K.L.:
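One structure, as structure tokens, below. Some questions next.
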Amino acid sequence: MTKVYTTACPRNCYSSCSFKVLVEDGIIVNFEPHSDNRATPEGICLKGLSYKERVYSKKRILHPLKSDGKGGFSQVSWDEALALITEKLLYFKKEFGSHSVFFYESSGMSGLLNEISSAFWRTYGGVTTSYGNLCWPAGLEAVRLTLGENKHNVPWDLENARLIIMWGKNSVETNVQESIPLEKALEQGAKLVVIDPRRTETAEKADLLIQPRPGTDGAFALGIARILSDSGRVDSTFISQYVHGYEAFRKSLKPYTNAFVERITGVPVKYLDMLADLIAETKPMTIIPGYGMQRYTNGGQTIRCILSLQVITGNIGKPGACFHYANLQSYVFDKVLEPLSYYPEIGDDGVSRRAVSKASLGQDMLSQKDPELKMIWVERGNPVSQNPDTNQILKAFRKLEFKVVVDQFMTDTAREADLILPAKSMFEQSDIIGSYWNPYVQLKQKVIDSSGEVHPESEIYRMLALKLGFETKIVRELFPDNSDESIERWLEEKLRPFPGISLDKLKKGPVMAPGLQNIAFSDYIFKTPSGKVELLSDKARKLWGVDELPAFNLTEENTIQDVKNGKKAYYFLTPNTKNRIHSQFGNLDVIRQFDPEPRLEINPEDASEDGIKNGETVRIFNDRGEFYSKVRFNFGIRKSCLSVPNGWWISEGGGGNYLTAARETDMGHGTAFHDNLVYIEKI
Ligand SMILES: Nc1nc2c(c(=O)[nH]1)N[C@H]1C(S)=C(S)[C@@H](COP(=O)(O)OP(=O)(O)OC[C@H]3O[C@@H](n4cnc5c(=O)[nH]c(N)nc54)[C@H](O)[C@@H]3O)O[C@H]1N2
Ligand SMILES: Nc1nc2c(c(=O)[nH]1)N[C@H]1C(S)=C(S)[C@@H](COP(=O)(O)OP(=O)(O)OC[C@H]3O[C@@H](n4cnc5c(=O)[nH]c(N)nc54)[C@H](O)[C@@H]3O)O[C@H]1N2
Ligand SMILES: [Mo]
């Protein structure tokens, strides 16, 4: 008998697809689309289809593994693993204080149950945690400063746009499902502009591709804003009713002359005029900025500059008119989870807090004093391959006395562990997820029993809490046992404030977020200090020390001449790619068929200047580190740029983060991965 379950993909990906899982005799046999999700009606991508291999893969870790200290691991029982962890936790707390333990989590799996981890570490006595994010926070903060909150029109509203600008977003690869409304819009005659130093798969659909020097989009946007405001082609009615600071903004645009913008961005002036005309003449317009573009030291300001174009043309709060950064309308559980949370910025409950920046993880771990770090617990993250400055991270890891990594596979980070605990797959525990693009709350359902000896984190923490002697009442309150009833009861409790959503409903399909605005800001309520759209933001200076106005600053490493220390230097881009989610999926055979090894893309003109042939192996380096890769010629990549997708494990030939700097973005404590000049040489 085939049982059919509704579920949703919990990966850190825009799409968060709904789909159905077909199960026979407790084994997953197939997947089907779930058409109730209007944003993802056609089903999952190749990564989704590879889930079957992922769950049943021989490479999957199914038992606790202990390191022999020489690179090998052997299986140990849960009893032994838990006893060892308990002993270490008690010892480090007594000897050095609980903050000598570092709890690191990241974006490998989403869900409300993740908050149990925080509750555990808080109850243990408070540990060192991390703040900031590898992904998107500079842009989130830029939008919040300007519009008051992060939301955008429902994905299918894109059909209504007449002009779509994919500004540093490679939607065809990173948001596959966005192609559905995009294609419809294009069929109806909409124009697509792509702004990206790479000629991406998305660019193949475009009417116009503009390839600026990396990190200079702010100047480009302000150049357009100047042309529009000088020629009076702005929406004066919208501006006078809803915009704060337009006059100051207009005056600040003077320096962004065509000549200046061309020099900074490397884009010929005619394209600046062309895009200004298109924007002035084509309404409604939706700008879809990507996240890669804000991983620079000027990333937040860049997003403010681009958003200003949306604002001065009045393209807000209407069908087809919006700034598609992040739609957090389904993130409704923050309040409900607050009692469990343990983050530096939350609450004052007498537990002392200490946190290090995700952007400078290695350096910050090494510099902790009183107490120094002794132990790390890594969960849902692969910092050795995903955070910047790998050499520093390895140094910091290797200085620790005890490392626990919870993961499904032998990742670069797992290899560094003293003890690896096997992690659940998405099909082995139910949880509730939101999305930062589609507007649904969804249930990721348990459809099979745990593989091998796997326990989900909630259960690992419950077992540890008992071993550590946490009060019985606390254990009962905070740590549900892993029976289906207990987990469902826990989830139902989190749904209680939302009468429109029940677990039964979610088992059938996705449910629209409560209070959803299909067309974001259609009520023209902006939760900013002035109650208006803020081009001028006092908070921007107060919180982050940047200009009150959207302004362009050169990134830390950009030289404009594309040389450094007298030597030809390259902008090193490490974007996301179709067949992996960061460091996940690349190890599966299905995916390997398409992507067997990393390739560094280079413009053949650059390659010939450096005497490099297609397919040759080169050394890529700077003063932070080096790695080696074969090159692939790509006429579509802007000169002076190199590109290799992030996420390749070091053990698979990856290593891009050996070269990235441990730097925060200008706002939001993001990570400026792409602000990174490198050199290459033949070997
Ligand atoms: N298939 C797949 N989908 C994913 C992911 C994945 O790994 N794989 N990851 C998910 C996550 S966590 C994220 S953060 C998103 C990210 O997905 P996107 O938002 O698309 O971001 P990136 O792939 O980092 O970068 C997008 C583009 O920005 C370009 N770019 C880099 N620097 C600049 C610049 O200075 N100016 C301009 N104009 N363009 C620039 C890059 O060349 C790249 O093509 O995708 C999500 N979806
Ligand atoms: N150079 C460079 N580096 C980058 C980026 C870039 O643009 N350039 N992009 C950054 C971005 S946008 C992001 S979002 C990050 C992503 O980096 P991370 O947040 O570290 O996420 P992933 O690499 O997707 O997955 C981390 C691990 O989670 C594991 N995992 C999956 N499910 C579970 C579970 O249920 N429990 C546990 N314990 N583990 C699980 C996976 O097997 C995987 O090994 O990378 C960043 N790194
Ligand atoms: Mo991300």
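Note that ligands are numbered from 1 as they come in the structure, with each ligand's atoms numbered from 1 the same way. Any value given below was found using the heavy atoms of this structure, including those in side chains, with hydrogens, waters and symmetry copies removed. Computed from a prediction, not measured in an experiment: that's the story for all the values here.
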K.L.:
Output the list of atoms in ligand 1 that are nearer than 4.0 Å to some heavy atom of N170, sorted by atom number.
P.N.:
20 (O), 26 (C), 44 (O)
K.L.:
With heavy atoms only and a cut-off of under 4.0 Å, state how R295 meets ligand 2: side chain, backbone, both or neither.
P.N.:
side chain
K.L.:
Among all protein heavy atoms in this structure, tell me which lies nearest to atom 8 (N) of ligand 1, with the distance rounded to 0.1 Å.
P.N.:
R580 O, 2.5 Å
K.L.:
Going by the rule ring-ring contact (aromatic ring centres under 6.0 Å, His included), which residues pair with F102 if we only count those two or more places apart in sequence or in a different chain?
P.N.:
none
K.L.:
Tell me the contacting part of L134 for ligand 2: side chain, backbone, both, or neither, using a 4.0 Å heavy-atom threshold, strictly below.
P.N.:
both
K.L.:
Which bit of V406 gets closer than 4.0 Å to ligand 2, counting heavy atoms only: side chain, backbone, both or neither?
P.N.:
both
K.L.:
Looking only at N/O atoms, are G290 and ligand 1 under 3.5 Å apart anywhere?
P.N.:
no
K.L.:
Around atom 31 (C) of ligand 2, find the nearest protein heavy atom and jot down its residue, atom name and distance.
P.N.:
G108 O, 3.4 Å
K.L.:
In this structure, does ligand 1 have an atom that sits under 4.0 Å from one of the heavy atoms of R11?
P.N.:
no
K.L.:
Considering only the protein, which heavy-atom contact is closest to atom 19 (O) of ligand 2, and what is its distance?
P.N.:
S106 OG, 2.5 Å
K.L.:
Which one of N114, D407, N133 has a non-hydrogen atom at the shortest distance from atom 43 (C) of ligand 2?
P.N.:
D407
K.L.:
Work out whether the distance between some heavy atom of H674 and some atom of ligand 2 is less than 4.0 Å.
P.N.:
yes
K.L.:
For atom 37 (C) of ligand 2, grab the closest protein heavy atom and report residue, atom and distance to one decimal in Å.
P.N.:
E457 OE2, 3.1 Å
K.L.:
Does the residue R54 have a heavy-atom contact with ligand 2, meaning some pair of atoms that are separated by less than 4.0 Å?
P.N.:
yes
K.L.:
Which atoms of ligand 1 are found less than 4.0 Å from any heavy atom of C135?
P.N.:
12 (S), 14 (S)
K.L.:
Pairs of nitrogen or oxygen atoms closer than 3.5 Å, one from T577 and one from ligand 1: do any exist?
P.N.:
yes
K.L.:
Test of understanding: given a 4.0 Å heavy-atom threshold, classify the contact between N12 and ligand 2 as side chain, backbone, both, or neither.
P.N.:
side chain
K.L.:
Is K169 close to ligand 1, meaning an N/O of one under 3.5 Å from an N/O of the other?
P.N.:
no
K.L.:
For atom 13 (C) of ligand 2, what is the closest protein heavy atom, and at what distance to 0.1 Å?
P.N.:
H582 CE1, 3.3 Å
K.L.:
Atoms of ligand 1 less than 4.0 Å from D217 heavy atoms?
P.N.:
34 (C), 35 (O), 36 (N), 37 (C), 38 (N)
K.L.:
With a cut-off of 4.0 Å, which atoms of ligand 1 are near a heavy atom of R198?
P.N.:
41 (C), 42 (O), 43 (C), 44 (O)
K.L.:
For ligand 2, does A423 get within less than 4.0 Å through its side chain, its backbone, both, or neither, judged by non-hydrogen atoms?
P.N.:
side chain
K.L.:
Could you name the option among L573, N646, N382 that has the heavy atom nearest to atom 20 (O) of ligand 2?
P.N.:
N382
